[in-house]
Amino acid sequence: MFYSIHRYKRITSTNNVAKSLAEEGAPEGTVVIAESQSEGRGRLGRIWVSPPRDGLYLSIVLKPAIPIAEMWQIGYVAAVAVAEAINEISELDARVKWPNDIIVNGRKVAGILVEVDNCGGTHEPAVIIGIGININMKEFPEDVADKATSLAIECSKEFDVDNMESCLLSSMHKWYSIYQDEGFDPIFNRLLELDCVIGQQVTIQTPNGVVTGKAISINKDGNLIVQSEDGQEIAIFAGDTILQD
Ligand code: BT5
């Protein structure tokens, strides 16, 4: 896969622009990078705080030859790639908090947004992987301050955003190539090594309500398995994880 990089100073959201490019037939490996976003978003339309130049805001168009129903796997390819890139650059111990948070010392340093686009049936379906990494922020708005962190906060020094970008793109290239050559198993195995949820008491906010219990595993369908207090095992496909102290 070769990257074709589109750079912007300020746009609404790199995912929006990447989606439009995919719908116009942009090839796999199209990357959209912005210095800042006016409408950076997380899942369910939530806001992604994206101040100028302090973070990396990037979206990649991928077109894996797999059924749309399996494209969620690419979110885990990205999670592994982002955690490894952060660890390589900073020597921190970034971990994956199921399903899409990258955390350091219990706080979120990066987030991943996976959006599948069937491109109106005129082009091959694409999966847009949006990645936001907090690099040089020293502080955050009040509503995220208690759960967000940055590389600069954790390491007490600034990092070069361009360096993070190249490290991330090579990590994505590496893990996506492994995925294409060997399938989901190696991704899944690495995910389990980087996971910080299994074995923990958790509260998961799911689209169908709140589940509390002990996280006991992640299965190959991407579900987190939680054992509730009455011993029942619940498989959860999507949600927000809160780790209990
Ligand atoms: C995510 O959503 O974690 C996915 C974030 C993806 C952002 C990238 S930036 C490039 C690309 N273009 C976009 O428009 N998006 C992608 P979610 O799990 O829903 O988390 C969102 C929640 O994280 C918010 O509701 C806040 O509580 C919190 N949050 C917002 N900004 C944050 C930040 N910069 N750092 C840490 N937490 C943040």
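All of these numbers come straight from a predicted model, not from anything done at the bench. Numbering of ligands and ligand atoms starts at 1, following listing order.
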Can you sort out which atoms of ligand 1 are near [X], meaning under 4.0 Å from one of its heavy atoms?
X: S59; answer: 11 (C)
X: G42; answer: 1 (C), 2 (O), 4 (C), 5 (C), 19 (O)
X: T14; answer: 10 (C), 11 (C), 12 (N)
X: G40; answer: 14 (O)
X: R41; answer: 5 (C), 6 (C), 7 (C), 13 (C), 14 (O), 15 (N), 16 (C)

Can a donor-acceptor pair be found between the side chains of [X] and [Y] at a distance below 3.5 Å?
X: D230; Y: S228; result: yes
X: E39; Y: N16; result: no
X: W98; Y: Y76; result: yes

Specify the protein heavy atom at minimum distance from [atom]: its residue, its atom name, and the distance to 0.1 Å.
atom: atom 20 (O) of ligand 1; value: K108 NZ, 3.1 Å
atom: atom 38 (C) of ligand 1; value: W48 CZ3, 3.5 Å
atom: atom 1 (C) of ligand 1; value: N100 ND2, 3.5 Å
atom: atom 31 (N) of ligand 1; value: V49 N, 2.9 Å
atom: atom 30 (C) of ligand 1; value: I47 O, 3.1 Å
atom: atom 9 (S) of ligand 1; value: Q37 NE2, 3.4 Å
atom: atom 36 (C) of ligand 1; value: A148 CB, 3.4 Å

- Query: Are I5 and V17 linked, directly or through other ILVMFWY residues, by side chains that come within less than 4.5 angstrom of each other?
  - Reply: no
- Task: Taking salt bridge (Lys or Arg N to Asp or Glu O under 4.0 Å) as the test, write out the residues that go with K174, two or more places apart.
- Result: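 With neighbours one apart ignored, the set is E84.
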- Residues that D54 engages under salt bridge (Lys or Arg N to Asp or Glu O under 4.0 Å), provided they are two or more places apart: none
- Task: Could you tell me whether ligand 1 has any atom less than 4.0 Å away from a heavy atom of K147?
- Result: yes
Taking heavy atoms and a distance under 4.0 Å, where does [X] meet ligand 1: side chain, backbone, both or neither?
X: I112; value: backbone
X: N134; value: side chain
X: R46; value: side chain
X: L58; value: backbone

- Considering only NZ, NE, NH1 and NH2 on the basic side and carboxylate oxygens on the acidic side, decide whether D101 and K147 come within less than 4.0 Å.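 Here D101 does not pair with K147 in a salt bridge, since their nearest N and O are not under 4.0 Å apart.
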Side-chain donor or acceptor of [X] paired with backbone N/O of [Y] under 3.5 Å:
X: N87; Y: A94; value: yes
X: N163; Y: S166; value: no
X: K19; Y: A126; value: no

- Item | Heavy-atom nearest option to atom 28 (C) of ligand 1, drawn from V144, T149, T241 |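 Ranked by closest heavy atom to atom 28 (C) of ligand 1, first place is V144.
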- Message: I'd like to know whether CD of E91 has more than 12 heavy-atom contacts from other residues, nucleotides or ligands below 6.0 angstrom.
- Response: no
- Query: F188 vs F184 aromatic rings, parallel, tilted or perpendicular, using cut-offs 30° and 60°?
  - Reply: tilted
- Message: Side chain or backbone, does Y57 bring an N or O within less than 3.5 Å of an N or O on ligand 1?
- Response: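 No; the residue has no nitrogen or oxygen that sits under 3.5 Å from a nitrogen or oxygen of the ligand.
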